[in-house]
Structure formats: structure tokens, C-alpha cells
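Down below is the structure, laid out as C-alpha cells.
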Amino acid sequence: IMLHSTLALSLLLIAVSSNLAMAIKKEKRAPQTLSRGWGDEITWVQTYEEGLYQAKKSNKPLMVIHHLEDCQYCQALKKAFAESEEIQEMAQNNFIMLNLMHETTDKNLSPDGQYVPRIMFIDPSLTVRADITGRYSNRLYTYEPQDIPFLIENMKKALRLIQTEL
């Protein structure tokens, strides 16, 4: 009888601990809902206000990605963005990152309209960089999947501008 209850107890412990391990794993991944597929290793801020605060505090540029879930261009860009090791690495280490599925009240973030996808940079002095644009004159801040190298250059430009201006 003793052996039987020990076995039952150890099975119970195994079941509890594996459930606990799964719960802990889930818990650890929970904040990543903010990534929305743009990069799970990146620490994302939740709001524009929080992004501005963190940019100022950390002296890193803020990168704001405007997108919508049901926009095919956004989905295509997101995939290319998430698959680019160079972008993911820079985003993790050198930027405050925010992706938004709604417009902000800051009109500076939509200088040429409220279209998606749109990627803009704000420097730590909280200046929206209207001078860091994509390749298209009709939608200055849009990028397509094939523009990833260009986006990488713009990320580097955003970092260079901080060094030279502050």
C-alpha cells in the first residue's frame, strides 16, 4: 500500500510540475502580444506616450510602425521585417519600438496622410524625423518587402542623426 501511494503522489507531482512549467512558459511569453508578429524578441512599448518617454530616457530613437491587421501590404512588410536578422537585431538593441494599429493624436506622425504601413522615426529630443523617408513620393513613409535594405539604411540614419545632433 505504501508503494502504491508513493507512486500516485509522484505521478501527481509530475503532473503538477509539468503544468506549472507550461504556465510559467506561457507567462514568460505573454507580453509578446505587443509584437503582433513584427518580432517576438523585441521589447515593444505599448503606447506612443510610453515610447516618447523611453526614447528620451534611454537616448534611443523611437521607431513607430503604423499597420492594420487586415492590410495585405502590412502583412507582407511584417513578414519581411520579422525575417530580417539585421532589423531584428537593431530593433532589439538600438531603438525603442512601437507598432500601432490605430492613429495617434500626434499630427506630426501623419504629415502626408494616415495610410498603412507607415514607419516613422522620432529622435530622443522628441522630434519626428520627417527627413527619414522611404522610396515613394506619394507615400513618404511606406515601405514594401523589397525595401528592407532601404529601411535598414534609414534605421542606421536615425542612429547617426542622434550622434551628430545631440
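- Residue pairs meeting the salt bridge (Lys or Arg N to Asp or Glu O under 4.0 Å) criterion with at least one member in residues 85-100, sequence neighbours excluded: Glu86-Lys156.
- Atom CD of Gln114 sits about 12.0 Å away from atom NE2 of His102, to the nearest 0.5 Å.
- No donor-acceptor distance shorter than 3.5 angstrom exists from the side chain of Trp44 to the backbone of Thr33, with no hydrogens or angles considered.
- The shortest distance between side-chain heavy atoms of Tyr143 and Phe81 does not fall below 4.5 Å.
- Note: the hydrophobic cluster containing Met63 does not contain Val116 (ILVMFWY, side chain heavy atoms under 4.5 Å, direct or indirect links).
- Using modelled atom types, no side-chain atom of Lys60 and backbone atom of Met97 make a donor-acceptor pair closer than 3.5 Å.
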List the atom pairs, with distances to 0.1 Å, where a side-chain N or O of residues 68-75 and a protein N or O form a donor-acceptor pair under 3.5 Å, not counting sequence neighbours.
{"from": "Glu69", "atom 1": "OE2", "to": "Gln75", "atom 2": "NE2", "distance (Å)": "3.2"}
{"from": "Gln75", "atom 1": "NE2", "to": "Glu69", "atom 2": "O", "distance (Å)": "2.6"}

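- Put simply, the side chain of Ser58 gets close to the backbone of Gln54: a donor and an acceptor are under 3.5 Å apart.
- In this structure, His67 NE2 and Arg118 CZ are separated by 11.5 Å, a value rounded to the nearest 0.5 Å.
- Annotation: salt bridge (Lys or Arg N to Asp or Glu O under 4.0 Å) contacts of Glu144 (sequence neighbours excluded): none.
- Ile132 and Ile152 fall within a single hydrophobic cluster, where Ile, Leu, Val, Met, Phe, Trp and Tyr side chains are chained together by heavy-atom contacts under 4.5 Å.
- Applying the side chain to side chain donor-acceptor pair (under 3.5 Å) test to Lys157 and every residue at least two apart in sequence or in another chain returns nothing.
- Heavy-atom neighbours of Glu103 CD from other residues, nucleotides or ligands within 6.0 Å: above the threshold of 12.
- Counting side-chain heavy-atom gaps under 4.5 Å among Ile, Leu, Val, Met, Phe, Trp and Tyr, the cluster of Leu100 also holds Val45, Tyr48, Leu52, Leu62, Val64, Ile96, Leu98, Leu109, Tyr115, Met120, Ile122, Leu126, Val128, Leu140, Tyr141.
- You'll find the side chain of Leu161 stays beyond 4.5 Å of the side chain of Phe121, heavy atoms only.
- Scored by the side chain to side chain donor-acceptor pair (under 3.5 Å) test, Glu153 finds no partners at all (sequence neighbours excluded).
- Taking CG of Leu77 as the start and CD1 of Ile148 as the end, the distance is 5.5 Å to the nearest 0.5 Å.
- Side-chain atoms of Lys78 come within 3.5 Å of backbone N or O of Arg36 as a donor-acceptor pair.
- Distance alone, capped at 3.5 Å, is enough to place a donor-acceptor pair between the Thr142 side chain and the Pro117 backbone.
- Interatomic distance, CZ of Arg129 versus CG of Asp123, reported as 5.0 Å (0.5 Å rounding).
- Looking at Asn154, its side chain does come within 3.5 Å of a backbone N or O of Thr133 through a donor-acceptor pair.
- The heavy-atom pair separating Pro124 from Ala55 by the smallest distance is CB-O, 3.6 Å.
- Separating the CD1 atom in Ile162 from the OG atom in Ser125 is a distance of 9.0 Å, to the nearest 0.5 Å.
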